[in-house]
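Heavy atoms only: backbone and side chains are in, while hydrogens, waters and symmetry mates are out. This is a predicted model, so every value here is computed, not measured. We name chains A, B, ... by the order of the sequence lines, and we start the count at 1 in each one.
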Amino acid sequence: MKGSSPGKFAKGVHLRIRRLRRSELPVDSVALARFLIGKTLVRESASGRISGRIVEVEAYVPGDAAAHSFRGPTRANRSLFLRRGHAYVYFAYGSSFMMNVSAETDGIGGGVLIRALEPLEGIALMRRHRRTDNIFDLTRGPGRLASALKIDRRLDGIDLCARGPLWLGAAIKPSGKIGQSARIGISREVHRLLRFYERGNPHVSGPKWLSP
DNA sequence: TATGCGATATTCT
DNA sequence: GAATATCGCATAG
């Protein structure tokens with residue numbers, strides 16, 4: 001900490017966010033994906049709280065050849081088979097962590113990839129983690145948001161409905177209209193419309209034509 | 001804005 | 001070896 005009012009936020013928002021109960025989460029992967037738009041993802045760490053409003057997600061459903069759970073549970077993907085509301089964190093392309101919320105029931109593989117957030121709290125911390133000042137480069141994209149929130153494999157498998165370093169909160173403001181499209185960056189099941197985003201939100205990732 | 005490419009680690013073939 | 005639920009930088013328009 002560089003000398004300034006301990007226990008207070010010199011600047012930036014400080015929100016009271018209600019933790020979501022597991023019973024509020026839809027069991028179905030697609031229903032959960034839509035439900036999560038507008039909700040809050042909260043990271044509590046020693047250096048402070050970081051949070052963001054979920055504005056873009058993708059569903060990876062049972063029987064989906066593009067899903068990491070498709071070939072059954074392994075050591076790497078087992079968190080996808082936990083009951084809904086747990087974190088599945090993995091490392092991709094040698095450079096990025098990505099985070100899913102597990103869906104479905106215990107033993108069934110399914111999840112929702114969090115693709116973009118609208119920054120709420122801890123923006124100064126996010127800027128430090130991401131080494132950029134541009135607000136739109138902090139949490140636009142699954143790898144970027146994981147970096148901004150310091151999400152890595154230590155958080156794989158944790159319960160997002162319990163007190164802890166990472167959890168899901170209720171909406172601070174309701175979601176606008178939800179758009180739907182094909183998913184980004186996959187090579188199988190490319191036609192399925194399982195990406196959901198808040199229309200008109202500038203923090204959504206991907207080319208503009210994909211998010212009308 | 002859009003497209004293209006290399007980097008990089010882990011997993012699977 | 002190959003593939004990968006990406007990112008950042010370069011270049012062209």
How long is the line joining [atom1] of [X] and [atom2] of [N], in whole Å?
{"X": "A/Y197", "N": "C/dA5", "atom1": "OH", "atom2": "C1'", "result": "18 Å"}
{"X": "A/R78", "N": "B/dT10", "atom1": "CZ", "atom2": "P", "result": "16 Å"}
{"X": "A/N77", "N": "B/dT10", "atom1": "CG", "atom2": "P", "result": "16 Å"}
{"X": "A/F91", "N": "B/dC12", "atom1": "CZ", "atom2": "C1'", "result": "17 Å"}
{"X": "A/F136", "N": "C/dC7", "atom1": "CZ", "atom2": "P", "result": "17 Å"}
{"X": "A/E58", "N": "C/dT6", "atom1": "CD", "atom2": "C1'", "result": "12 Å"}
{"X": "A/D137", "N": "C/dC9", "atom1": "CG", "atom2": "C1'", "result": "12 Å"}
{"X": "A/H68", "N": "B/dA9", "atom1": "NE2", "atom2": "C1'", "result": "14 Å"}

**Prompt:** Within the stacking criterion (centroid distance below 5.5 Å, interplanar angle below 30°), does A/Y60 stack on C/dA5?
**Reply:**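 Stacked: ring centres under 5.5 Å, planes under 30°.
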What is the nucleic acid contact for [X], judged by heavy atoms within less than 4.0 Å: base, sugar-phosphate only, or nothing?
{"X": "A/L113", "answer": "base"}
{"X": "A/A92", "answer": "nothing"}
{"X": "A/S147", "answer": "nothing"}
{"X": "A/R75", "answer": "nothing"}

**Prompt:** Any donor-acceptor pair under 3.5 Å linking the side chain of A/Y197 with the backbone of A/P212?
**Reply:**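 Yes; judged by distance alone, with no hydrogens or angles, the pair exists.
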**Prompt:** Distance check: side-chain N/O of A/R192 vs OP1/OP2 of C/dA5, anything under 4.0 Å?
**Reply:**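 A/R192 to C/dA5 OP1/OP2: no side-chain N or O under 4.0 Å.
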So that I can tick it off, tell me whether [Y] and [X] are bridged by a salt bridge, with the cut-off set at under 4.0 angstrom between side-chain N and carboxylate O.
{"X": "A/R188", "Y": "A/D64", "answer": "no"}
{"X": "A/R18", "Y": "A/E24", "answer": "yes"}
{"X": "A/E198", "Y": "A/R53", "answer": "yes"}
{"X": "A/R84", "Y": "A/E104", "answer": "no"}

Measure from the side chain of [X], starting at C-beta and using heavy atoms only, and say which of [options] lies closest.
{"X": "A/R144", "options": "B/dC12, C/dA5, C/dC7", "result": "C/dC7"}
{"X": "A/W209", "options": "B/dA2, B/dT11, B/dT13", "result": "B/dA2"}
{"X": "A/R153", "options": "B/dT10, C/dA5, B/dA2", "result": "B/dT10"}
{"X": "A/I186", "options": "C/dG8, B/dT11, C/dA5", "result": "C/dA5"}
{"X": "A/S187", "options": "C/dT4, B/dT13, C/dA5", "result": "C/dT4"}
{"X": "A/Y90", "options": "C/dA5, B/dT13, C/dT6", "result": "C/dA5"}

**Asked** When the ring centroid of A/H203 is compared with that of A/F136, is the distance short of 6.0 Å?
**Response**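 Ring centres of A/F136 and A/H203 closer than 6.0 Å.
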**Request:** If C/dC7 has a Watson-Crick or G-U wobble mate with both distances under 3.5 Å, name it; if not, just say none.
**Result:**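 In the structure as shown, C/dC7 has B/dG6 as its Watson-Crick or wobble partner.
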